[in-house]
Amino acid sequence: MNPIDLRSDTVTLPSPEMRQAIANAELGDDVFGGDPTVNRLQEMAAEMLGKEAALLVSSGTQGNLIAQLSHCARGAEVIIGEGSHIIEHEGGGAWLVGGLGLHTVRVDAKGRLDLAEVRATIRPDNEHYPRTGLICIENTHNRAGGTVQNEEDLAAVRELANKHGLPVHMDGARIFNASVKLGVPASALTVYADSVTFCLSKGLGCPIGSVLCGSKEFIHEARRMRKVLGGGMRQAGIIAAAGIYALQNMIDRLVDDHDNAEHAADGLANMPGVTLSPPPETNLLYFTVEGWKAHKLEARLNAAGVLCFDEGGRIRWVTHYGIERVDIDEALARTRQVLAAGA
Ligand code: TLP
């Protein structure tokens, strides 16, 4: 039985054309600034996100950590929504490596920060308090269900940050899913953040890599932090070539992933006991089934060749390049059988 891999959009494999682009990449030593393909990717990414400069990094986790280290002095406090990826899935790097405090605030069902709480969390300048150094947001928001924050949502965060002279970092691992969903260029969303990380290795189908974007001054500091973290890579044009291909060819097709997630959601919603939590907005789909513990359902689905994870008591399916409509139909058929067999 062929497995249908819905564990994550990180499982995508490079297309033949992307592999060709990798094979043909012109290379140099990027630590010396001499890899022309990396430089081209960085210029493209900066332009697409409306920033002055960009930096290729190894992963979203590394990009987010570098951003926090570059914005904040040791001992500062980062204001961030509870349940955000930086808090839950990045190994506590900001505490461990940066000596930063992460101060969580409530988020609503879409993953939007509770701005009243943010306001109350920003520290006055007083020697008793840590300094507030940064506000972080996540778009699309993973745990909230791949939810999208629009320009109005983001402008409200920006306005508050400006009032207090604070920078904003956007974990935009899936920012192109948000931009495709809203039908606006990514730069219309990232304009509200000082820095943004986006991932090449998720829906855009690259094997490795993320890009951190911001002002020239910020990227200068970020480059230093990347080196500190051992992220200075040499002939990284191998990675960047895939990234260039992806920015040119893999963004528009994200709409197929969103349609497939919606199709999967429709199919699941018709099965007894299934609750979508919530219905998908982009390519992430979470659900629960009455009478089933999520870890048990995960095991049964995996055994039936529907690869997915129990993410904190909900099953998560992720649609991506390489998953077609027929795969979703097959995953639905297998799921129906698993549920019919009973817990
Ligand atoms: N998310 C992965 C896992 O780590 C859970 C996934 O399968 O969804 N920000 C967000 C919003 C993310 O979802 C992820 C990866 C990252 C950052 C980190 O990216 P990587 O995996 O490149 O370090």
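Heads up: numbering here begins at 1 and tracks the sequence. Counting starts at 1 for both ligands and their atoms, following the listed order. The shown structure was predicted, so the numbers you read here are calculated from the model rather than taken from an experiment.
Protein heavy atom closest to atom 11 (C) of ligand 1, with residue, atom name and distance, is Glu138 OE2, 3.4 Å. Protein heavy atom nearest atom 23 (O) of ligand 1, with residue, atom name and distance: Thr61 OG1, 2.6 Å. Ranking the protein heavy atoms by distance from atom 18 (C) of ligand 1 puts His85 CE1, 3.4 Å first. Nearest protein neighbour of atom 22 (O) of ligand 1, counting heavy atoms only, is Gly60 N, 2.8 Å. The shortest contact between atom 21 (O) of ligand 1 and any protein heavy atom is with Lys202 NZ, 3.8 Å.
Looking at ligand 1, you won't find any N or O of His89 less than 3.5 Å from one of its N or O atoms. Note: an N/O pair closer than 3.5 Å links Arg174 and ligand 1 by distance alone. Considering backbone and side-chain N/O of Arg316, one or more are found under 3.5 Å from N/O of ligand 1. By the 3.5 Å distance cut-off applied to N or O atoms, Asn142 is counted among the residues near ligand 1.
With salt bridges taken as basic N to acidic carboxylate O contacts below 4.0 Å, one links Asp114 and Arg106. Electrostatic pairing of Lys110 and Glu281 counts as a salt bridge here, judged by a charged N lying under 4.0 Å from a carboxylate O. Between Lys181 and Asp257 no salt bridge is recorded (no basic side-chain N to carboxylate O distance below 4.0 Å). A salt bridge links Arg226 with Asp30: the distance from a Lys NZ or Arg NE/NH1/NH2 to an Asp or Glu carboxylate oxygen falls below 4.0 Å. Salt bridge annotation for Arg234-Asp35: absent, with no cationic side-chain nitrogen under 4.0 angstrom from a carboxylate oxygen.
For the pair Arg314 and Tyr286, the cation-pi test (distance below 6.0 Å, angle within 45°) is passed.
The closest approach between Glu311 and ligand 1 stays at or above 4.0 Å for every heavy atom of the residue. For Arg143, the closest heavy-atom approach to ligand 1 does not fall below 4.0 Å. Contact annotation: Glu90 has at least one heavy atom less than 4.0 Å from an atom of ligand 1.
The contact set between ligand 1 and Ser8, taken as ligand atoms under 4.0 Å from a residue heavy atom, comprises 6 (C), 7 (O). Near Ser59, with a cut-off below 4.0 Å to any heavy atom, the atoms of ligand 1 are 22 (O), 23 (O).
Relative orientation of the Trp317 and Phe287 rings is perpendicular, given thresholds of 30° and 60° on the angle between their planes.
Defined by atom type and a distance below 3.5 Å, a donor-acceptor pair is present between the side-chain atoms of His258 and Asn177.
Side chain of Asp9 to backbone of Val318: no donor-acceptor contact under 3.5 angstrom is found.
Among the candidates Ser70, Ser195, Cys72, the single residue satisfying the side-chain contact (heavy atoms from CB on, under 4.5 Å) test with His169 is Ser195.
Across Asn139, Leu65, Asp171, heavy-atom proximity to atom 9 (N) of ligand 1 is greatest for Asp171.
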